[in-house]
Amino acid sequence: MGADDSTRSLEENGENEEEPTVVEDVKVKATDPSSSPALASNRGNTVVVGLQEPGGIFTPHFNTSGYDGNVQAVMFPPLVDINEKGEPFGRLAEDWDISEDELTYTYYLRDDLKFDDGSPLTANDVAFTVTLLFDPDYPGTTDLTETNLVGGLDYKEGDADSIAGIHVIDDQTIEFQLEQPNARALTMLGGTVLSENYYGEKYEKGDLDYMSDYHLKPLGAGPFKFEAYHPGEEIRFSANEHYYNGKPEVDTFVYRTTEGDSQQFFQTGELDYSGFVATKDNFELLESMAFANIDLYTSSNYSYIAFNHESEVFKDPNVRIAFNLGLDRQAYIDARFQGYAQLANVPVSPISWAYTDEVEAFPYDPEEAKRLLDEAGWKEGPDGIREKDGQKLTVYFFTTDGSGSNDIFVTLAQENYKDIGVDFQIEQMDFNALLARVDNGDHDLVSFSTTMQPDPHIGVQAFHSSHTGNTFRGYQNEEIDRLIEASVAVSDLDARAEAYHELYEKLKEDPPIILLNYNKSLAATNARVEGFEPNGFRGISLSLENLRVVDTP
């Protein structure tokens with residue numbers, strides 16, 4: 001969370017009974033493209049974008065850093081991608097079929113697909129990639145067991161030397177058999193593709209150590225191909241003449257990773273495109289740059305506070321409801337974002353087909369919160385702090401190192417929770433330390449923001465009792481499990497949306513989190529570059545093939 005210069009007090013925001021105003025998504029065209037800084041205008045047919053330093057693992061499915069994922073997206077298009085509405089569409093696959101019983105998925109690859117070295121990309125490469133991800137030594141986070149692929153677990157956990165559910169029909173056609181339906185199978189099995197000849201040259205089941213030799217030598221099939229990585233400086237790519245949709249007009253694409261002020265880098269012309277924290281101040285600053293095309297759009301991610309469900313305090317759902325009711329989230333959002341964020345009511349963004357506004361957000365209702373805490377046996381003590389069985393209602397909130405926005409939240413939360421009898425203690429630390437302590441279960445509450453959510457299942461799968469992650473361990477609800485399973489049991493988006501809406505209603509009765517806000521994204525492009533169309537599901541990755549440099553007047 002970035003700094004905030006709002007002069008409105010939290011109390012003023014809390015007392016404002018008017019409907020909160022959320023700034024609409026908007027595109028603002030540059031008023032004077034000719035004012036582009038010379039550093040940018042003289043760059044030629046090269047486009048430079050700002051990016052945080054990646055981890056240096058540029059092989060899809062093997063990275064843990066999202067910034068590595070940004071690098072991979074330049075080079076590795078999937079078979080099936082997600083558009084700006086969160087709906088699937090074909091990239092390397094021009095079409096697909098799903099059987100009536102939703103147990104057979106058939107993908108039809110485009111004609112004459114090639115990797116960026118000119119070698120053919122075929123269904124055999126797709127089969128190799130899926131097999132690799134079921135390997136017992138696979139160390140990454142792409143869990144294809146969710147797809148229920150026939151024979152997948154036999155290969156992963158048994159002696160099988162191949163996966164029975166993979167059928168290569170011909171060079172352009174591949175079929176997958178599932179044991180039971182799963183709507184996510186379309187995009188998960190239809191993900192990015194690794195060359196069998198390149199990445200599989202040394203492959204033996206159960207030994208993937210060799211893959212680390214390839215992480216800085218990626219071979220993809222995207223609009224740009226890898227040229228060089230200079231840590232702390234840049235990642236450089238060149239236009240791929242073998243890309244299925246044609247060689248891009250831009251000769252060179254660069255991710256600049258130098259540490260520094262992205263606003264300054266954009267203002268001086270060192271960057272052609274950059275993202276910014278979405279605030280009124282930043283938007284107005286970009287408006288003052290006459291050469292900037294501005295995109296303000298709603299992201300598919302959201303911010304939330306997670307409960308430690310192994311804590312005795314939070315085993316009672318009414319206590320968790322009370323903590324939701326006792327926090328004036330709208331006051332925080334108003335003060336922090338100045339209209340550039342929206343109160344979250346369900347764990348999916350408003351830009352998703354799975355969103356509904358018919359499930360109301362928890363209101364700020366401290367009196368009801370007090371009543372629920374009383375019912376749960378937490379009685380107010382002589383110092384105003386509630387007690388139960390001789391234990392004070394003291395909770396520890398973990399957050400990352402302090403910034404202006406954290407100060408706003410902490411001040412508000414301590415005031416709100418003190419008002420309902422909670423001793424709200426703050427522990428700030430760096431992100432890695434926070435993750436380690438959450439893994440150990442040392443926390444009571446912790447703040448997080450999701451990554452972009454291309455499928456609504458990503459936002460709720462951790463609430464399922466079978467999920468192995470640490471953030472929500474201890475949360476168990478058989479009805480919630482059933483509804484999560486129902487939301488991926490069919491592929492039809494309308495039927496899935498109906499299941500999600502029922503799930504969201506049930507989550508209000510047994511909340512695993514305190515939803516905070518849906519986030520806006522703010523980006524600016526130097527008007528000398530056309531083609532950037534960022535969206536809340538895929539960022540800029542779908543734009544890259546369409547970039548072109550134009551002459552400014």
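Because only heavy atoms are used, hydrogens play no part in the values below, and waters and symmetry mates are left out as well, while side chains stay in.
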- Across all chains, not counting sequence neighbours, the side chain to side chain donor-acceptor pair (under 3.5 Å) partners of E270 are R256, T268

- Message: Under the rule for salt bridge (Lys or Arg N to Asp or Glu O under 4.0 Å), what residues qualify as partners of D272, not counting sequence neighbours?
- Response: R43, R528

- Item | Polar contact flag, side-chain donor to acceptor under 3.5 angstrom, S36-N526 | yes

- Message: For E284, give me all partners under salt bridge (Lys or Arg N to Asp or Glu O under 4.0 Å), at least two apart in sequence or on another chain.
- Response: K280

- Message: Once side chain to side chain donor-acceptor pair (under 3.5 Å) is applied, do any residues pair with E227, and if so which ones, sequence neighbours excluded?
- Response: S238

- Item | Residue list, salt bridge (Lys or Arg N to Asp or Glu O under 4.0 Å) with E146, at least two apart or on another chain | R184

Distance-only check: which donor-acceptor pairs under 3.5 Å involve side-chain atoms of residues 213-223, not counting sequence neighbours?
from, atom 1, to, atom 2, distance (Å)
Y214, OH, Y198, O, 3.4
H215, ND1, T59, OG1, 2.7
H215, ND1, M211, O, 3.4

- Message: Once ring-ring contact (aromatic ring centres under 6.0 Å, His included) is applied, do any residues pair with F448, and if so which ones, sequence neighbours excluded?
- Response: none

- Task: Report the residues that fulfil ring-ring contact (aromatic ring centres under 6.0 Å, His included) with F134, sequence neighbours left out, ordered by chain and then residue number.
- Result: none

- Task: Consider only side-chain N and O atoms of N301 and S299, and report whether a donor and an acceptor are under 3.5 Å apart.
- Result: yes

- All salt bridge (Lys or Arg N to Asp or Glu O under 4.0 Å) counterparts of E530, not counting sequence neighbours: R548

- Message: Show me the pairs that pass salt bridge (charged side-chain N to carboxylate O under 4.0 Å, His left out) and involve residues 22-33, at least two apart or across chains.
- Response: D25-K520, K27-D295, K27-E533

- Query: Taking only residues two or more places apart in sequence, or in another chain, which ones meet Y297 in a ring-ring contact (aromatic ring centres under 6.0 Å, His included)?
  - Reply: none

- Item | Set of residues satisfying ring-ring contact (aromatic ring centres under 6.0 Å, His included) with respect to Y107, sequence neighbours excluded | F176

